[in-house]
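What follows is one structure encoded as structure tokens, with my remarks underneath.
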Amino acid sequence: MDADLQRRSDRTRTELMSAFTSLVFAKGFENVSVKRVTATAGMARSTFYEHFSNKEDVLRACMTRFFEVVAECVVADEIPADLFKVLDHLWSNRRLTDAIFSGYARTVLARNQADLVEQRLRSMAASLCLPYRLAAIQIAEAQLALIESWMRGRAPCSVEGLGHGLFRSSRASALAMID
């Protein structure tokens, strides 16, 4: 793909993701349709389907930008560089917690986080006491539970404190599963 075409494609994806995000925050994931996303972005449905298979794909693309750094905690020897920045962003937008941590959106987020963690577990090239997928689900769910509880204000904690705890618990869980 030439550079101009790639830039246009990236711009279109960004516009679709932006329209999707604003709709999810305003109406909730379950109430957003591909038709509404394309209308908000001012694009044809065929354009949407050139970039995404369905609204779940858009949610995964939007959330991966933030949660891949959380998944990186599994294999990193030090706290990932952007972890505090991501957590600060999530905290600053905590009023929108229900949009991603409720209903089917939470299911999609958990599946996506497990995919991201599984990729990193496999990169460790180590034999685990559990199947990779099961270990990934366990770690991903723990990561999301910690972040969601913090965002909902169930226990006060600084961004730095959460980052350190998230990193240590994620890394320790991965290392504990090595056979």
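If you read the sequence from its start, that first residue is 1, and numbering goes on from there.
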Check: T64 side chain, A61 main-chain N or O, donor-acceptor pair, under 3.5 Å: no
Salt-bridge present (R7, D4; N to O < 4.0 Å): yes
Backbone of Y104 reached by a side-chain donor or acceptor of E30 within 3.5 Å: yes
Charged N-O contact under 4.0 Å between R13 and D57: no
Axial cation check for F29 ring with K55, 6.0 Å and 45° limits: yes
Closest approach of L121 to Y132 (non-hydrogen atoms, all atoms of both residues): O-CE2, 3.6 Å
Polar side-chain atom of T38 near backbone of K35 as donor-acceptor pair, under 3.5 Å: yes
Common cluster, V108/I137, ILVMFWY with side-chain heavy-atom separation under 4.5 Å: no
Indicate every side-chain donor-acceptor pair of residues 70-80 with a distance under 3.5 Å to a residue at least two apart or in another chain.
{"residue": "E72", "atom": "OE1", "partner": "R120", "partner atom": "NE", "Å": "2.9"}
{"residue": "D77", "atom": "OD1", "partner": "R171", "partner atom": "NH2", "Å": "3.4"}

Salt bridge E148-R152, side-chain N to carboxylate O under 4.0 Å: yes
Lys/Arg N to Asp/Glu carboxylate O, R106 vs D98, below 4.0 Å: no
Flag, side chain of S18 to backbone of T14, donor-acceptor distance under 3.5 Å: no
Ring centers of F84, H89 separated by less than 6.0 Å: no
Single-linkage hydrophobic cluster F67~F52, side-chain heavy atoms < 4.5 angstrom: yes
Minimal non-hydrogen separation, L162 against C157, with atom names: N-SG, 3.3 Å
D2 (side chain) donor-acceptor with L5 (main chain) under 3.5 angstrom: yes
T12 to T47 - nearest heavy-atom pair and separation: CG2-CG2, 3.6 Å
Non-hydrogen atoms of M151 and L90 that approach each other most closely: CE-O, 3.5 Å
